[in-house]
There are 2 protein chains.
Amino acid sequence: MRPEPRLDIIGAALADPTRARILCKLMDGRAFTNKELSCAANITPPTATAHLKQLERAGLTTSIRSGRHVFHRIASAQVASALEKLSTLTPSDHVRRAAKPDSGVLLARCCYNHLAGRLGVWITYNLLDTGVLQLAHGALAPGPRYHAFLTDLDLDPPRVSAHRPVAKFCLDWTERRNHISGSLGIAILEKALKDKWLTRQRSSRALTITPEGKIALTRHFGLSDSALDCLGSSVRSMAKR
Amino acid sequence: MRPEPRLDIIGAALADPTRARILCKLMDGRAFTNKELSCAANITPPTATAHLKQLERAGLTTSIRSGRHVFHRIASAQVASALEKLSTLTPSDHVRRAAKPDSGVLLARCCYNHLAGRLGVWITYNLLDTGVLQLAHGALAPGPRYHAFLTDLDLDPPRVSAHRPVAKFCLDWTERRNHISGSLGIAILEKALKDKWLTRQRSSRALTITPEGKIALTRHFGLSDSALDCLGSSVRSMAKR
DNA sequence: TTTTCGTTTCGGCGAATGTCGAAGCGTTCT
DNA sequence: AGAACGCTTCGACATTCGCCGAAACGAAAA
């Protein structure tokens with residue numbers, strides 16, 4: 001047949017709004033059951049089954065049985081990153097119409113396994129400003145303060161290999177600006193969740209900044225009150241448009 | 001509404017096999033008319049119009065009128081790279097069934113504006129081996145022989161800025177291995193086409209290596225006869241599976 | 001064992017969509 | 001001006017697909 005990639009197979013899997021919602025729900029990296037997903041997407045379990053089957057056949061998700069539950073999750077980090085990249089292309093009028101300013105999604109959210117949203121962008125630029133990371137030919141590399149930063153946060157130095165970058169840019173669909181993924185990005189999100197700087201919200205990828213989190217983020221990433229206000233107000237100002 | 005990216009909008013645009021074929025045809029970076037595309041996709045002009053309208057509405061393509069012709073092309077490099085990344089996810093059984101071993105697509109093809117396929121992979125590793133490029137924390141950076149290489153090939157030194165990497169990895173859907181894009185990748189393909197080392201094939205992204213090209217590629221990228229045979233035979237060996 | 005519950009299969013309904021032929025419109029060539 | 005050509009719109013047809021309710025299946029709990 002045609003010696004071309006079958007874009008339509010994956011496209012068809014993404015083509016339905018309901019499936020897109022399911023995928024977005026799964027994009028925080030956790031696994032969910034049929035019932036949870038059908039509830040989140042406002043459909044009945046039979047319909048969810050059909051959708052999940054399609055997603056799995058297209059290779060976008062995987063499922064494992066555990067007793068009478070079946071857990072579904074994104075098939076791989078590769079899939080997650082391709083989907084995130086695709087989100088970038090969403091026509092801007094749709095994003096603006098869809099994004100409720102008071103939802104936390106614009107402020108802080110997780111992107112498969114690392115931090116995104118305005119907070120993610122902020123942290124990234126702070127890491128660059130303070131020399132923890134630096135730009136080298138358009139790519140992110142450890143900077144002079146890199147090891148001090150790891151010690152400060154009590155992080156294991158991520159295994160730095162040629163094939164697994166410490167940090168790389170990941171384009172954010174709400175901000176259209178880069179934030180960091182890579183092993184450092186993953187470690188930061190893990191740390192923030194473990195120490196309860198951020199807590200997951202029930203039914204979305206949004207994250208909430210706890211009081212302790214505010215203190216810690218201020219200390220480690222220079223997230224001043226005014227910066228927080230600024231993040232908040234820029235969210236609010238978007239609502240008026 | 002939902003504060004989530006509308007993956008389904010782009011998904012719907014990709015969902016149809018015919019549209020996928022059109023996109024693949026456009027992925028070589030050139031612009032084509034309605035008629036050319038309808039012919040390539042085995043549909044009538046009216047149908048092509050409908051498809052191209054959808055692609056344009058989804059922001060994947062752009063069109064410009066020129067007299068009584070309308071040329072369509074991929075909307076941006078960003079779209080091209082997202083699509084290429086998405087191609088990576090194509091279920092492997094479909095790729096294997098679809099890829100005819102004797103078509104040149106596996107050997108050498110262009111990926112929007114740079115070189116891909118086995119030749120692209122080969123050249124990338126050769127550039128790394130010879131110190132033209134080097135790995136720095138998982139990213140590509142110019143190596144010690146970088147400027148000598150540019151002089152040797154009579155290339156203008158691409159503008160190296162922090163925001164426009166000289167070279168970056170681009171995952172190939174046939175090889176599942178990295179090859180280079182970025183300004184250097186673009187320059188190499190341009191040079192190869194201009195000096196007729198490679199010629200485009202009529203109706204696909206595949207490229208043909210000319211006799212002069214073989215000599216030049218041998219000189220500049222160490223592409224020995226045995227390496228060529230190896231590339232060819234590994235193509236052949238894939239056919240048996 | 002019986003009950004409960006999560007998941008899946010099946011059948012049917014309604015909406016959306018890919019396809020084409022015929023016809024209309026605008027540009028270019030003769 | 002007239003003919004040729006490329007693109008688009010329109011109408012009609014067949015197919016696909018999302019969705020749900022009812023019912024079946026299978027594992028856990030009572």
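Just so it is clear, the values below take in all heavy atoms, side chains as well, and ignore hydrogens, waters and symmetry mates. All chains are named by letter (A, B, ...) in the order of the sequence lines, taking the proteins before the strands, and each is independently numbered beginning at 1. Being a predicted model, the structure only gives us computed values, none of them experimental.
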DNA chain C: A/T49 or B/R68, which has the more 5' nearest nucleotide?
A/T49
Would you indicate, yes or no, if [N] has its OP1 or OP2 atom less than 4.0 angstrom from a side-chain nitrogen or oxygen of [X]?
X	N	answer
B/Q54	C/dG18	yes
A/T44	D/dC20	yes
B/R65	D/dG6	no
A/T33	C/dT7	yes
B/H51	C/dT17	no
A/K53	C/dT7	no

Using a 4.0 Å heavy-atom cut-off across all strands, classify B/E36 as base, sugar-phosphate, or nothing.
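No contact at all - B/E36 keeps every heavy atom at 4.0 Å or more from the nucleic acid.
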Toward the 5' end of DNA chain D, which comes first, B/K35 or A/R19, by nearest nucleotide?
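Nearest-nucleotide comparison on DNA chain D picks B/K35.
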Nearest nucleotide by nearest heavy atom, which residue falls closer to the 5' end of DNA chain D, A/A50 or B/A48?
B/A48
Does [X] reach the main-chain N or O of [Y] with its side chain, forming a donor-acceptor pair under 3.5 Å?
X	Y	result
A/T47	A/I43	no
B/T33	B/V70	no
B/R19	B/Q54	no

To the nearest Å, give me how far apart [atom1] ([X]) and [atom2] ([N]) are.
X	N	atom1	atom2	result
B/R57	D/dT8	CZ	C1'	14 Å
A/I64	C/dT7	CD1	P	13 Å
A/H72	C/dG6	NE2	C1'	11 Å
A/N34	D/dA27	CG	C1'	15 Å
B/L52	D/dT9	CG	P	12 Å
B/D8	D/dC17	CG	C1'	15 Å
A/N42	D/dG18	CG	C1'	15 Å
B/L37	D/dT8	CG	C1'	15 Å

Answer yes or no: is there a side-chain heavy-atom contact under 4.5 Å between A/I209 and A/W197?
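A side-chain contact is absent here, since even the closest heavy-atom pair is not under 4.5 Å.
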Closest nucleotide among [options] to the [X] side chain:
X	options	value
A/H69	C/dT19, D/dT8, C/dT7	C/dT7
B/P46	C/dT7, D/dC19, D/dT9	D/dT9
B/T47	D/dT8, C/dC20, C/dG18	C/dC20

Do A/E56 and A/S63 pair up side chain to side chain, a donor and an acceptor below 3.5 Å, judged on atom types alone?
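Yes, side-chain donor-acceptor contact under 3.5 Å.
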If we ignore angles and hydrogens, is there a donor and acceptor under 3.5 Å between the side chains of A/T88 and B/Q78?
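No - no donor-acceptor pair under 3.5 Å links their side chains.
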